[in-house]
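Indexing begins at 1, ligand by ligand and atom by atom, following the structure's order.
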Amino acid sequence: MSTRSTPAWGTRAPDRPLEPMTIERREPGPRDVAMDILFCGICHSDIHQARDEWTGGLFPMVPGHEIIGRVTAVGALVTKFAVGDLVGVGCMVDSCHTCGSCGAGDEQFCEKGAALTYNGTEMDRVTRTYGGYSSHVVVDERFTVRVPDGLDPAAAPLLCAGITTYSPLRLNGCGPGTRVGVVGLGGLGHMAVKLARSLGAEVTVLSTSAGKEKDARALGASRFLVTTAEGVFEGNAGTLDLIIDTVSAPHDYNAYLGLLRARGTMVLVGAPPEAVPVHPFSLIMGSKRLVGSVIGGIAETQEMLDHCARHGIVSEIETIAIDQVNAAYERVLKSDVRYRFVIDLATLRA
Ligand code: NAP
Ligand code: ZN
């Protein structure tokens, strides 16, 4: 198969910084959409994987799964997209298309294992995938979504942070009056606040950073609790219906479960590498549910983008040049991002 050399930034080993490199992308096949990447968000998952914190990483690795691009070419069988369209690509670039999960629109649960946008392979299980910290990418049209008019570069983080929080909010009954707690006000957390508000919920932010209160309220939260403050868990026991936990580092789930009312649900989307003990009585008393959630399906991602366009929801972003990516990683690790870094890939083409 013919390929095209493509400039990118990636890492050659877990203990190395990101650096310029060249990768090979396939030429578009009949069902493919080729796009110039305009913007790519920096997700904390990029850092977990670039540093191999989840283990099993494939190096060299080019991270990036919050991609906004402009279509430059389409294959002969492509029906959904045309040259010039603004499109998005999230965490997956292909799946088997035949299993029950794919048939149900849950490509993220593909029984053969979906092809991840980076740190993975195509469905042939041989050809490596490389992510959005690069100048262009070629993706099957079935894994390309339409970016509605009016959503600008600040829409890039919707492709992961947006869908990862939208899906569990919707699936766990978030609606008018639901008391939703969002743990961690970072990339995912700030999208959870905006999306829960847009669904009519009353939002409480639970944060370790007292300095984020003003922002949390501006994003739509009506309560802000500093989780390191004395007595905060005891004083607010049973006050939440649904918790979305977006925290990237290990923390005590038992304490947060105490904030749920009886039969309430806590959803883990934050993915710390380490195991955290959960006491059975944290769940038994009050018949509470502790569940996980991973991104969302492709149709659901399109639904989320359309919802965001209707409600005027984008991310709060800080745009950076590609050569600032290592510094940006350090700031994410210090919870010092308001609230998503987005790489302007024009700086890679320049
Ligand atoms: P992020 O921007 O770094 O936000 C994480 C937030 O967690 C921080 O802003 C901080 O908020 C809080 N936090 C950080 N360290 C903490 C600690 N030690 N104790 C308590 N709170 C802490 O990260 P992100 O991009 O939103 O990603 C968050 C997590 O979700 C990552 O683990 C990522 O891999 C995972 N993720 C999962 C999925 C999925 O499908 N399930 C998809 C994408 C990402 P405060 O300053 O407010 O405390
Ligand atoms: Zn992500």
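- Backbone and side-chain nitrogen or oxygen atoms of Ala249 are examined, and none is located within less than 3.5 angstrom of a nitrogen or oxygen of ligand 1.
- Close N/O approach between Trp54 and ligand 1 is not found [any backbone or side-chain N/O within under 3.5 Å].
- At least one N or O atom of Ala271 sits closer than 3.5 Å to an N or O atom of ligand 1.
- Side-chain contact annotation: Glu303 with Tyr166, donor-acceptor N/O pair under 3.5 Å present.
- We find that Arg128 and Glu122 are not joined by a salt bridge, their nearest charged nitrogen and carboxylate oxygen being 4.0 Å or further apart.
- Electrostatic pairing of Arg331 and Glu318 counts as a salt bridge here, judged by a charged N lying under 4.0 Å from a carboxylate O.
- If you look at His44 next to ligand 1, the close heavy atoms, those under 4.0 Å, come from the backbone and the side chain alike.
- By the 3.5 Å distance cut-off applied to N or O atoms, Leu185 is counted among the residues near ligand 1.
- Of the protein's heavy atoms, Thr208 OG1, 2.6 Å lies nearest to atom 48 (O) of ligand 1.
- A donor-acceptor pair shorter than 3.5 Å can be found between the side chains of Glu300 and Ser167.
- Among all protein heavy atoms, the one lying closest to atom 46 (O) of ligand 1 is Ser209 OG, 2.5 Å.
- A donor and an acceptor atom, one from each side chain of Thr11 and Arg51, are nowhere located under 3.5 Å apart.
- Of the N and O atoms on the side chains of Asp124 and Thr127, at least one donor lies less than 3.5 Å from an acceptor on the other residue.
- Scanning the protein heavy atoms around atom 26 (O) of ligand 1, the nearest turns out to be Leu188 N, 2.8 Å.
- In terms of protein heavy atoms, atom 30 (O) of ligand 1 is closest to Gly270 CA, 3.3 Å.
- For His48, a nitrogen or oxygen atom sits less than 3.5 Å from a nitrogen or oxygen atom of ligand 1, counting backbone and side chain alike.
- Within the set Asp252, Thr246, Leu206, the minimum heavy-atom distance to atom 28 (C) of ligand 1 is found for Thr246.
- Here the two rings, on Tyr133 and Tyr118, have centers that are 6.0 Å apart or farther.
- Checking His136 against Thr72 by side-chain atom types alone, no donor-acceptor pair falls below 3.5 Å.
- Assignment of Gln108 to the shell around ligand 1 is not supported, since no heavy atom sits closer than 4.0 Å.
- For a distance bound of 2.8 Å, the N, O or S atoms of His65 include one lying that close to the Zn ion (ligand 2).
- Using a 4.0 Å cut-off between heavy atoms, Val294 contacts ligand 1 through both its backbone and its side chain.
- Near Gly184, meaning under 4.0 Å from any of its heavy atoms, are these atoms of ligand 1: 7 (O), 11 (O), 12 (C), 47 (O).
- Heavy atoms of Phe224 found under 4.0 angstrom from ligand 1: none, in either backbone or side chain.
- Less than 4.0 angstrom separates some heavy atom of Lys212 from each of these atoms of ligand 1: 9 (O), 11 (O), 45 (P), 46 (O), 47 (O).
- More than 12 heavy atoms of other residues, nucleotides or ligands sit less than 6.0 Å from atom NZ of Lys80.
- Within the listing of ligand 1, atoms 42 (C), 43 (C) sit less than 4.0 angstrom from a heavy atom of Cys160.
- For CD of Glu230, the number of neighbouring non-hydrogen atoms (other residues, nucleotides, ligands) closer than 6.0 Å is 12 at most.
- Of all atoms in ligand 1, numbered sequentially from 1 with element shown, those under 4.0 Å from a heavy atom of Val332 are 3 (O).
- The distance criterion of under 3.5 Å between nitrogen or oxygen atoms is met by Gly187 with respect to ligand 1.
- Proximity of Ser45 to ligand 1, defined as any heavy-atom pair under 4.0 Å, is shared by backbone and side chain alike.
- With 2.8 Å as the limit, Cys160 counts as an N, O or S neighbour of the Zn ion (ligand 2).
- Counting atoms of ligand 1 from 1 in the listed order, those under 4.0 Å from a heavy atom of Thr164 are 38 (C), 39 (C), 40 (O), 41 (N), 42 (C).
- Ligand 1 has no atom lying under 4.0 Å from any heavy atom of Tyr329.
- Heavy-atom proximity to atom 45 (P) of ligand 1, evaluated over Ser207, Gly186, Pro168, is greatest for Ser207.
- Scanning the protein heavy atoms around atom 10 (C) of ligand 1, the nearest turns out to be Ser335 OG, 3.4 Å.
- Atom 37 (C) of ligand 1 has as its closest protein heavy atom Val269 O, 2.9 Å.
- Classification of Arg340 and Glu316 as a salt-bridged pair fails, no side-chain N sitting under 4.0 Å from a carboxylate O.
- Within the model, atoms CG of Leu206 and CG of Leu259 stand 6.0 Å from one another, a figure rounded to the nearest 0.5 Å.
- The ligand atoms of ligand 1 that sit less than 4.0 angstrom from a heavy atom of Arg340 are 24 (P), 25 (O).
- In this structure, atom 16 (C) of ligand 1 lies nearest to the protein heavy atom Val247 CG1, 3.7 Å.
- Summarising the geometry, atom CZ belonging to Arg179 is positioned 7.0 Å from atom CZ belonging to Arg261; distances are rounded to the nearest 0.5 Å.
- Counted by atom type alone, Arg25 and Ser5 present zero donor-acceptor pairs between their side chains at under 3.5 Å.
- The shortest heavy-atom contact between Val232 and Asn236 is O-ND2, 2.8 Å.
- A salt bridge does not link Lys334 with Glu330: none of the charged nitrogens is closer than 4.0 Å to a carboxylate oxygen.
- Ligand 1 lies within reach of Ser293, whose nearest heavy atom is under 4.0 Å from it.
- Residue contacts with ligand 1: Ile295 is placed with a nitrogen or oxygen under 3.5 Å of a nitrogen or oxygen of the ligand (distance criterion only).
- Separation of the His251 and Tyr256 ring centroids falls under the 6.0 Å cut-off.
- Under 3.5 Å, the side chains of Ser282 and Asn254 contain a donor-acceptor pair of N or O atoms.
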